[in-house]
Number of protein chains: 2
Amino acid sequence: MKIGEFANQLGVSTDTLRYYEKHNLLTPSSRTEAGYRDYGEATLKQMKFILRAKNVGFSLAEIKELLQIKFKKHQHSCHEVKDLTIQKRDLVAERIAELTRFHQSLSVLADKCCGGQEPADNCSILTTLEDIDGLTQ
Amino acid sequence: MKIGEFANQLGVSTDTLRYYEKHNLLTPSSRTEAGYRDYGEATLKQMKFILRAKNVGFSLAEIKELLQIKFKKHQHSCHEVKDLTIQKRDLVAERIAELTRFHQSLSVLADKCCGGQEPADNCSILTTLEDIDGLTQ
DNA sequence: CTTGACCTTGGTGTGTACTCTAAGGTTTAT
DNA sequence: ATAAACCTTAGAGTACACACCAAGGTCAAG
Ligand SMILES: [Zn+2]
Ligand SMILES: [Zn+2]
Ligand SMILES: [Zn+2]
Ligand SMILES: [Zn+2]
């Protein structure tokens with residue numbers, strides 16, 4: 001299968017596939033005589049693995065680690081895999097906590113403002129940002 | 001006040017201040033004869049505004065908009081300011097939702113894996129990513 | 001045999017918020 | 001007078017995950 005058809009089947013761009021190849025995430029099985037990339041069953045499975053890993057939030061760098069483990073499963077432990085997963089989960093949790101603080105602060109700000117059409121001279125969003133410390137502390 | 005002292009007082013780097021200046025977020029009141037940046041009260045207040053806005057999650061681009069409104073309050077309405085705030089809040093909410101899905105999926109994965117020291121040949125994290133569709137659907 | 005659709009490589013651009021470097025000028029203290 | 005500590009500019013580098021481009025080669029259909 002040439003790159004275009006392969007990309008279509010997976011709903012990604014050919015650029016993405018070349019990018020993944022360049023970054024050692026997915027190498028096509030072989031090349032045709034003309035030098036065209038030739039994708040097969042194995043690459044299809046691997047690409048699906050990558051897309052699923054992306055779907056649960058892993059970055060490409062992390063997926064690369066997962067792939068290396070997957071390639072040589074007997075050289076790695078469950079512990080290692082679970083560790084990667086937990087670390088990622090905790091990182092995501094931290095980010096969620098930060099964004100939740102943002103959301104809370106923004107809600108407080110928005111609730112203070114009347115949102116009317118009059119000039120913003122006394123807008124409480126602006127005055128709060130000007131005057132008050134510790135909005136998020 | 002020269003840039004170094006100013007930066008120290010605010011807990012940011014001199015690079016950051018020059019960066020903000022380049023991107024029209026904060027211009028020092030004046031320059032000394034030698035061409036050194038000279039920061040005063042007004043810039044201090046404005047920098048605090050910027051830092052507070054950052055603390056509630058606004059990006060520098062959004063802060064720039066807020067500053068432009070702040071400079072000419074009578075030319076802008078409360079509505080405008082509230083709109084910016086609400087838009088940002090909703091964007092943050094979306095991102096939280098996405099990350100929460102990630103967190104959920106990662107938790108499910110982690111729970112499936114024993115995390116032991118044995119080889120990862122049968123690791124359910126890997127087999128799940130290999131085999132199952134619709135982890136997040 | 002030419003048109004159009006596909007493929008190749010290498011390189012640049014995007015957005016975010018800085019950080020770092022090079023090469024040099026100024027100020028302050030000793 | 002000289003060294004340390006500060007300041008200046010312009011420009012490059014970082015991370016992330018691609019998207020886009022130019023210049024050219026290949027392939028199937030009409
Ligand atoms: Zn109002
Ligand atoms: Zn208002
Ligand atoms: Zn196990
Ligand atoms: Zn496992």
Side-chain angles (χ1 to χ4, degrees), chain A residues 1-40 43 47 49-67 87-88 91-92 94-95 98-99 102, chain B residues 1-40 43 47 49-67 87-88 91-92 94-95 98-99 102:
Chain A
M1 207 183 327
K2 281 188 284 185
I3 197 172
E5 193 188 342
F6 190 65
N8 268 337
Q9 242 184 62
L10 286 159
V12 302
S13 75
T14 56
D15 273 327
T16 298
L17 290 170
R18 292 196 197 93
Y19 179 82
Y20 285 4
E21 183 176 349
K22 197 185 207 167
H23 291 76
N24 298 312
L25 287 161
L26 184 79
T27 309
S29 330
S30 59
R31 295 280 183 135
T32 69
E33 287 180 11
Y36 288 11
R37 290 169 178 82
D38 191 12
Y39 294 90
T43 38
M47 191 60 190
F49 180 95
I50 294 172
L51 293 178
R52 283 183 205 116
K54 259 176 69 79
N55 255 318
V56 303
F58 284 114
S59 69
L60 295 187
E62 289 153 350
I63 293 173
K64 209 161 145 184
E65 280 192 76
L66 287 174
L67 284 171
Q87 269 182 38
K88 184 65 188 184
L91 210 74
V92 168
E94 273 182 48
R95 183 70 179 136
E98 186 184 14
L99 289 178
F102 287 169
Chain B
M1 205 182 330
K2 280 188 287 185
I3 196 171
E5 194 187 344
F6 189 65
N8 268 337
Q9 244 184 61
L10 286 160
V12 301
S13 75
T14 57
D15 274 327
T16 298
L17 290 171
R18 292 195 197 93
Y19 178 83
Y20 285 4
E21 183 176 349
K22 196 184 208 170
H23 291 77
N24 298 311
L25 286 160
L26 184 80
T27 308
S29 331
S30 58
R31 297 278 184 137
T32 68
E33 286 180 12
Y36 288 10
R37 289 169 179 81
D38 191 13
Y39 294 90
T43 39
M47 191 61 189
F49 180 95
I50 293 172
L51 292 177
R52 284 183 205 117
K54 259 176 70 79
N55 256 317
V56 303
F58 284 114
S59 70
L60 296 187
E62 289 154 350
I63 293 173
K64 208 161 146 187
E65 280 192 77
L66 287 174
L67 284 170
Q87 267 181 40
K88 183 67 186 180
L91 210 73
V92 168
E94 273 182 48
R95 183 72 180 134
E98 185 184 14
L99 289 177
F102 288 169

For this session: Could you go through the salt bridge (Lys or Arg N to Asp or Glu O under 4.0 Å) check for B:R95 and B:E98 one step at a time?
Result: CA-CA 5 Å; B:R95 183 72 180 134; B:E98 185 184 14; 2.8 Å; yes
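- Side chain of B:K88 to backbone of B:G57: a donor-acceptor contact under 3.5 angstrom is found.
- Between the CD atom of A:E21 and the C1' atom of C:dT8 there is a distance of 11 Å, rounded to whole Å.
- If you take CD of A:E5 and C1' of C:dA5, they are 14 Å apart, rounded to a whole angstrom.
- Between D:dT9 and B:R31, a contact under 4.0 Å exists linking OP1 or OP2 to a side-chain N or O.
- Using a 4.5 Å heavy-atom threshold, the side chains of A:Y20 and A:M47 count as touching.
- Separating the CG atom of A:D38 from the P atom of D:dC27 is a distance of 13 Å, rounded to the nearest angstrom.
- Each of A:Y19 and A:E33 was matched to the nucleotide of DNA chain D holding its nearest heavy atom; the match closer to the 5' end belongs to A:Y19.
- Using a 4.0 Å cut-off between charged side-chain N and carboxylate O, B:E5 and B:K2 make no salt bridge.
- Following rounding to the nearest Å, B:I50 (CD1) and C:dC18 (P) show an atom-to-atom distance of 10 Å.
- Between A:Y20 and D:dC18 there is a side-chain polar atom (N or O) within less than 4.0 angstrom of OP1 or OP2.
- Computed from coordinates, the A:R18 CZ to D:dC21 P distance equals 14 Å when rounded to whole Å.
- Contact annotation: B:T16 reaches the phosphate of C:dT19 (side-chain N/O to OP1 or OP2, under 4.0 Å).
- Going from atom CZ of B:R95 over to atom P of D:dC16 covers 14 Å, rounded to whole Å.
- Looking at heavy-atom distances under 4.0 Å, A:S13 makes contact with sugar-phosphate atoms alone, never a base.
- Nearest-nucleotide mapping onto DNA chain D: of B:D15 and B:K2, the residue sitting toward the 5' end is B:K2.
- The distance between atom CD1 of A:I3 and atom C1' of D:dT26, rounded to the nearest whole Å, is 15 Å.
- In this structure, A:H23 atom NE2 and C:dG10 atom P are separated by 14 Å, rounded to whole Å.
- Checking B:S59 against B:A34, the closest nucleotide of DNA chain C that is more toward the 5' end is the one next to B:S59.
- For A:K54, a side-chain nitrogen or oxygen approaches OP1 or OP2 of D:dC18 to under 4.0 Å.
- The NZ atom of B:K54 lies 10.0 Å from the CG atom of B:L25; values are rounded to the nearest 0.5 Å.
- Nearest-nucleotide positions on DNA chain C for B:L60 and A:R37 put A:R37 closer to the 5' end.
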